[in-house]
Amino acid sequence: MNLNYKVIKKSSECSARLGEFETIYGISKTPMFMPVGTQATVKNLSPEDIISTKSDVILSNTYHLWLRPGEDIVDMHGGLHNFMNYKNGPILTDCGGFQVFSLANPKDISEEGVKFKSHINGESLFLTPEESIRVQNKLGADIIMSFDECPYYPCTFKYMENSIERTLRWAKRCKETHSKSSTQALFGIVQGGEFPELRKKSAIETVALNFDGYSIGGVSVGEDNETKYKMIDYAIPYLPEDKIRYLMGVGDPIDLIEGVIRGVDIFDCVLPTRLARHNNAFTKYGKINLRNKKYMDDLSPLDNECDCYTCKNYTKSYIRHLIVSQEMLASRLLSIHNIRFLTSLMEEIRLAIKNDNLLEFRDNYISKYKK
RNA sequence: GCCUGAUUAGCUCAGUGGUAGAGCAAACGGCUGUUAACCGUUGGGUCGGAGGUUCGAGUCCUUUAUCAGGCG
């Protein structure tokens with residue numbers, strides 16, 4: 001499916017671009033942050049909560065839904081949107097490639113596919129590019145991902161070279177398997193680690209397969225910041241101007257800004273929701289841990305300028321009380337705030353691109369934000 | 001009044017002669033395409049009191065206090 005991605009404005013000072021694309025849910029503006037709902041739910045949040053965060057696209061995961069409840073059950077509901085009652089915006093499914101990184105052993109990866117042991121019951125599983133696409137076709141997300149290997153970091157040049165070549169062959173198989181190209185956009189994924197020539201090769205050859213958009217994967221897997229930004233720089237020049245660029249798994253506020261400056265359009269990350277469950281809130285001055293005793297009598301909201309439901313209605317003191325009392329509302333309120341914090345940051349970024357002052361915005365932001 | 005049992009970290013409890021421990025709680029840290037409401041670090045004890053035996057006692061003995069049962 002053609003998302004009709006359009007560049008509205010290119011920054012005059014960096015590679016950032018303001019853009020939009022189209023689905024049956026309407027126009028989506030980029031740069032954008034997408035919250036993650038692995039198991040067809042953004043953990044702790046109802047669809048109404050998600051909408052209140054002004055999110056647009058949300059993510060779900062092929063591997064997890066394949067295992068449970070199974071793609072047929074989702075299909076019986078008429079697809080993911082109906083299954084999880086998210087009607088506000090598009091859904092993107094990740095392909096299961098990250099689970100190759102987090103759950104499978106390198107020795108279990110073959111040309112044909114990846115051998116897994118189910119994290120639920122230990123059952124032996126085999127995921128192939130064809131199976132990933134077949135499952136994603138049934139899940140019915142608006143944007144689906146080509147099945148890739150997300151290699152361990154660090155890995156050798158030789159391992160990475162073999163890996164990207166195999167991922168390219170998998171990408172071709174994914175394209176050939178994709179049976180719903182009229183309703184689902186299929187993105188290819190660029191790998192190559194920290195090796196410039198491999199990022200270049202992976203990008204050029206993935207683009208040659210002509211996907212509906214392109215992801216940069218294998219980032220935020222343990223590398224330092226400098227390396228992380230280089231990985232983006234090595235790939236971006238070879239990605240077409242007229243297609244969406246998606247940096248997978250990145251969601252730290254500074255990383256979002258740096259990614260946009262380098263030409264990235266969309267991001268996803270578990271960080272806002274995971275940090276929320278672990279009692280942390282994003283603020284303009286860095287993240288804070290609400291379990292800390294100093295918030296016991298703090299009557300201020302998480303962030304004075306934030307317009308989220310949580311900040312409009314609750315004090316830090318109350319949220320700390322919920323955390324100490326192990327009440328589940330704490331992680332819900334923090335999830336709402338953290339996601340809204342990032343969608344709000346993306347609004348500011350879009351405005352800065354429009355005003356051609358994104359680099360100044362970045363410098364001001366970093367000077368306040370303690371990473 | 002007599003008999004038994006208990007008393008060790010804030011709490012619940014291990015530790016039966018050889019350098020005082022765990023879980024929880026507390027304080028704090030980490031988290032980047034979710035195997036994570038998770039993981040980690042740190043602080044915290046005259047072992048109820050007083051005597052005694054012993055090279056050495058949380059541990060054995062005497063005594064005492066408190067608590068819980070049982071019998072009168």
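Note on naming: letters A, B, ... go to the chains in the order of the sequence lines (proteins, then strands), and numbering restarts at 1 for each one.
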request  = Please check the phosphate of U35(B) (OP1 and OP2 only) for any side-chain N or O of Lys117(A) closer than 4.0 Å.
outcome  = no
Under-4.0 Å side-chain N/O to phosphate OP1/OP2 contact, Arg277(A) with A36(B) = no
inquiry  = Below the 4.0 Å mark, does A27(B) have OP1 or OP2 next to a side-chain nitrogen or oxygen of Arg320(A)?
reply    = yes
request  = Check every atom of U34(B), G33(B), C31(B) against the side chain of Leu59(A) and return the nucleotide holding the closest atom.
outcome  = G33(B)
message = What verdict does the side chain to side chain contact (heavy atoms under 4.5 Å, CB included) test give for Leu302(A) and Thr283(A), after you've listed the backbone C-alpha separation in whole Å, the side-chain angles of each residue and the deciding distance to 0.1 Å?
response = CA-CA 7 Å; Leu302(A) 295 171; Thr283(A) 78; 5.6 Å; no
key: Polar side-chain contact Asp148(A)-G33(B) base: donor and acceptor under 3.5 Å   = yes
task = Using the C1' atom on both, measure U8(B) against G23(B) and round to a whole Å.
result = 15 Å
query = Any chance the side chains of Asn137(A) and Ser179(A) put a donor and an acceptor closer than 3.5 Å?
reply = yes
ask   = Hey, which of these two, Asn225(A) or Met328(A), hits RNA chain B nearer its 5' end, going by closest nucleotide?
value = Asn225(A)
request  = In plain terms, say whether Lys200(A) and Glu197(A) are close enough for a salt bridge, that is, a side-chain N and a carboxylate O under 4.0 Å apart.
outcome  = no
message = Check this for me: does any side-chain nitrogen of one of Glu347(A) and Lys54(A) sit under 4.0 Å from a carboxylate oxygen of the other?
response = no
ask   = For His278(A) and C38(B), is the gap between ring centres under 5.5 Å while the planes differ by less than 30°?
value = yes
task = Mind checking Gln191(A) for me? I need base, sugar-phosphate or nothing, with any heavy atom below 4.0 Å counting as a touch.
result = base
request  = Check whether any side-chain nitrogen or oxygen of Asn289(A) sits under 4.0 Å from OP1 or OP2 of G29(B), and answer yes or no.
outcome  = yes
ask   = Considering only side-chain heavy atoms of Asp268(A), which listed nucleotide, G33(B), C31(B), U34(B), is closest?
value = G33(B)
note = Among G33(B), A25(B), U32(B), the one nearest any side-chain atom of Asp255(A) is U32(B)
ask   = Going by an N to O cut-off under 4.0 Å, is there a salt bridge joining Glu161(A) and Lys201(A)?
value = no
message = Distance check, C1' atoms only: G58(B) and A14(B), in whole angstrom units.
response = 12 Å
ask   = Quick one: which of U34(B), G33(B), C28(B) gets closest to the side chain of Arg291(A)?
value = C28(B)
message = If the cut-off is 4.0 Å, is Asn61(A) near the phosphate of U34(B), judged by side-chain N/O to OP1 or OP2?
response = yes
query = How do Lys43(A) and Asn279(A) order along RNA chain B: which one's closest nucleotide is nearer the 5' end?
reply = Lys43(A)
Candidate nucleotides A36(B), C28(B), G33(B), ranked by approach to the side chain of Asn292(A) - the nearest = C28(B)
query = Is there a donor on the side chain of Thr273(A) or the base of U34(B) sitting less than 3.5 Å from an acceptor on the other?
reply = yes
query = What integer number of Å spans the P atoms of G43(B) and G56(B)?
reply = 31 Å
key: N/O donor-acceptor pair, side chain Gln136(A) with base G33(B), under 3.5 angstrom   = no
ask   = Does the side chain of Gln99(A) get closer than 4.0 angstrom to OP1 or OP2 of U34(B) through an N or O atom?
value = yes
From C31(B), U34(B), G33(B), nucleotide with atom closest to His64(A) side chain = U34(B)
ask   = Mind checking the P distance from U66(B) to C60(B)? Whole angstroms is fine.
value = 23 Å
message = Can you check the distance between G44(B) and A25(B), where both ends of the measurement are the C1' atom (answer in whole Å)?
response = 11 Å
Polar side chain donor-acceptor pair, Asn225(A) to Glu258(A), under 3.5 angstrom = no
Side-chain N or O of Ser331(A) closer than 4.0 Å to phosphate OP1/OP2 of A37(B) = no
query = Taking the C1' atom of each, how far is U59(B) from G48(B), in whole Å?
reply = 16 Å
request  = With P as the reference atom in both, quote the distance from C61(B) to U16(B) in angstrom, rounded to an integer.
outcome  = 15 Å
ask   = Which of these nucleotides, A25(B), G33(B), C31(B), is closest to any side-chain atom of Met248(A)?
value = G33(B)
ask   = Does Glu111(A) pair with Arg169(A) as a salt bridge, N-O distance under 4.0 Å?
value = yes
inquiry  = With a 3.5 Å limit on both atom pairs, tell me what A25(B) is paired to, counting Watson-Crick and G-U wobble, or say none.
reply    = none
request  = Quote, to the nearest angstrom, the P distance that separates A20(B) from U53(B).
outcome  = 22 Å
query = Under 4.0 Å: is that the gap between some side-chain N or O of Ser220(A) and OP1 or OP2 of U32(B)?
reply = no
